[in-house]
Amino acid sequence: MLENLGINARKAAGVLTTATTQQKNFALEEIAKALLQNADKIIEQNKIDLDNGKKAGLNVGLLDRLMLNKDRIEGIADSCLQVIKLDDPCGKVLETVERPNGLKIQKVSCPMGVIGIIYEARPNVTADAAALCLKSGNAVILRGGKEAIHSNIAIAEVMRDAVEKAGLPKDTIQLVTDTSRESSTELMRMKEYLDCLIPRGSKALIQAVVENSTVPVIETGSGNCHIYVDETADIDMASEIIFNAKTQRIGVCNACESLVIHSAVLDKALPAIKKRLDEKNVEIRGDERAKAVCPDIIVADESDFATEYLDYIISVKTVDSLDDAIDHINKNSTGHSEAIITENTDHAKIFMSRIDSSSVYHNASTRFTDGGEFGLGAEIGISTQKLHARGPMGLCELTTTKYLIFGNGQVR
């Protein structure tokens, strides 16, 4: 069923391999313009998805991820323009070696070829992923979830027309419009056409792709992100950081889901943090010591400490030492983003060295784990694995390398 998409993508990838930076940037400029010009059409289609999502009982976090308005479309278009400003990651000479026999060997960056992306209720991914794949010289096959299908079709059509107008193959960007489980499974098995598959979404989606794909996978992880309030923490700072990390956008993978608080400051820290979170009616699920300090919070069970809520809910674990905090976080973390709030720089160094996550913060919100915030332009996802890429993935992470060898008749 999807084989034609694979064939078309391979043809487009062949053209993109030799596309100049100027051609790719012009296409991105046309895409940004087209998104703004067609904003009303995209929002109209997005409203259908939102109405269907509400009827299906999607929680507030997922509806927030799904929703598009003029500001968000302007942000998506701006992400395309930001990608234009970034260096072209292709064709860079990374190493040069001259051998005793006269061979000159260059290691250069090059596109992967065709990238597949499976994602859920985030229509902005359609544009962000396509823009990054285009700039890095890759054709892309997008397979979004049923929750955002009308929005995705509208965005993809606008982008495909813009790419063609710019003189590059329309099939540089393709969208799978069949949102059945079978189409997802088929994409996972398209090893003949796909060079890489990137899942973005829930833990269940990512696990399904990792376990069932015959195409090489870059694993992007769910975000059970922790903030540890150390015994020397500035409590006012901690309260503000936690409020931002939990409530600024609850449906994103870099939102704080779990608090860890040192017992020495629990009496002071938890009431202050709770007072701030009460402004957004955040439900707190804490251990027995936390409940003793704030009796109106809910008692947590063990599963709470490993849960990515994507909702106005947060867990609280009390610990007696920095070592206990690190052990608890490494046990329950998804490897995404963690933070320590402390005035003790030695504690911060130990925490940042021993926490096994892609992004580790000292006295800052986990909400900064983002390609744009890291200066990468739009991001393709946040990798929580350790091979090839880790953390926010931008243009460079969508390239591979090859060797170019120059000789003048050498034989072995």
Side-chain angles (χ1 to χ4, degrees), residues 1-35 37-38 41-42 45 76-77 80 83-84 88-90 110-119 123-145 148-180 182-184 186-200 215-216 378 380 395 398-400:
M1 184 173 60
L2 303 185
E3 186 175 16
N4 285 339
L5 297 185
I7 293 169
N8 295 339
R10 276 284 170 215
K11 290 177 181 176
V15 175
L16 289 172
T17 300
T18 57
T20 66
T21 302
Q22 289 74 21
Q23 286 174 304
K24 292 186 285 188
N25 285 345
F26 179 56
L28 288 167
E29 189 176 340
E30 289 297 312
I31 286 172
K33 256 192 276 186
L35 288 169
Q37 290 168 355
N38 291 276
K41 170 188 169 184
I42 295 168
Q45 294 302 305
I76 291 169
C80 294
V83 172
I84 291 173
D88 191 328
C90 303
C110 61
M112 287 188 177
V114 180
I115 294 175
I117 302 175
I118 298 179
Y119 54 107
N124 66 296
V125 174
T126 303
D128 288 350
L132 284 171
C133 287
L134 171 58
K135 181 66 181 264
S136 56
N138 297 289
V140 64
I141 299 176
L142 302 155
R143 195 277 187 192
I149 186 60
H150 295 88
S151 309
N152 290 339
I153 289 173
I155 292 170
E157 285 178 352
V158 166
M159 297 185 81
R160 280 166 57 80
D161 289 343
V163 168
E164 187 175 45
K165 182 179 177 183
L168 291 176
K170 192 172 189 173
D171 291 331
T172 293
I173 300 166
Q174 295 183 92
L175 177 74
V176 179
T177 56
D178 176 5
T179 59
S180 68
E182 287 74 20
S183 72
S184 180
E186 186 176 352
L187 198 61
M188 294 180 209
R189 305 294 167 86
M190 287 178 59
K191 192 172 182 180
E192 182 180 353
Y193 302 105
L194 295 180
D195 295 288
C196 173
L197 187 59
I198 302 173
R200 287 190 63 173
V215 179
I380 202 78
L395 292 174
L398 296 179
T399 62
T400 184

Check your understanding: Is there a side-chain contact (heavy atoms from CB on, under 4.5 Å) between Y193 and V215 once you walk through the steps?
Key -> CA-CA 9 Å; Y193 302 105; V215 179; over 6 Å; no

From [X] [atom1] over to [Y] [atom2], what is the distance, rounded to the nearest 0.5 angstrom?
X: Q174; Y: N4; atom1: CD; atom2: CG; value: 9.0 Å
X: I42; Y: Q37; atom1: CD1; atom2: CD; value: 10.5 Å
X: I118; Y: L197; atom1: CD1; atom2: CG; value: 4.5 Å
X: R143; Y: E186; atom1: CZ; atom2: CD; value: 11.0 Å
X: T126; Y: L175; atom1: OG1; atom2: CG; value: 6.5 Å
X: L2; Y: I7; atom1: CG; atom2: CD1; value: 11.5 Å

Can you check whether [X] reaches [Y] side chain to side chain, under 4.5 Å on heavy atoms?
X: C133; Y: I380; result: yes
X: K41; Y: E157; result: yes
X: I198; Y: Y119; result: no
X: L28; Y: K135; result: yes
X: T17; Y: C110; result: no

Looking at every heavy atom in both [X] and [Y], which two are closest together, and how far apart are they?
X: M159; Y: A131; answer: CE-N, 4.3 Å
X: I149; Y: V176; answer: CD1-O, 4.4 Å
X: P89; Y: L395; answer: CG-CB, 3.8 Å
X: A162; Y: A34; answer: CB-CB, 4.1 Å
X: V140; Y: A130; answer: CG1-CA, 4.1 Å
X: S136; Y: C90; answer: O-SG, 3.1 Å

Without placing hydrogens or testing angles, list every side-chain donor-acceptor pair under 3.5 Å for residues 164-171, not counting sequence neighbours.
residue: K170; atom: NZ; partner: D161; partner atom: OD1; Å: 3.2
residue: D171; atom: OD1; partner: R160; partner atom: NH1; Å: 3.0
residue: D171; atom: OD1; partner: R160; partner atom: NH2; Å: 3.4

Point to revise | Main-chain N/O of V114 paired with N138 side-chain donor or acceptor, under 3.5 Å | key: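 Side chain of N138 to backbone of V114, a donor-acceptor pair under 3.5 Å: no, none is there.
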
Practice item. Could you tell me whether a side-chain N or O of S183 sits under 3.5 Å from a main-chain N or O of D178, the two making a donor and an acceptor? Key: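 Yes: the side chain of S183 pairs with the backbone of D178.
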
Check your understanding: Partners of R200 by salt bridge (Lys or Arg N to Asp or Glu O under 4.0 Å), sequence neighbours excluded?
Key ->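 Salt bridge (Lys or Arg N to Asp or Glu O under 4.0 Å) check on R200 returns E379.
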
Practice item. Keeping to residues at least two apart or across chains, list the salt bridge (Lys or Arg N to Asp or Glu O under 4.0 Å) pairs with something in residues 4-27. Key: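 Sorted result for residues 4-27: R10-D195, K24-D88.
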
Review point. Can you name the one residue among L5, I155, I173 that meets side-chain contact (heavy atoms from CB on, under 4.5 Å) with L142?
Key: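 Exactly one option meets the side-chain contact (heavy atoms from CB on, under 4.5 Å) with L142, and it is I173.
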
**Study point:** N-O pairing of K33 and E30 below 4.0 Å
**Key:**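 Salt bridge flag = yes for E30 with K33.
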
Practice item. Start with the C-alpha distance between L134 and I31, add both sets of side-chain angles, then the distance that settles side-chain contact (heavy atoms from CB on, under 4.5 Å), and finish with yes or no. Key: CA-CA 11 Å; L134 171 58; I31 286 172; 4.0 Å; yes

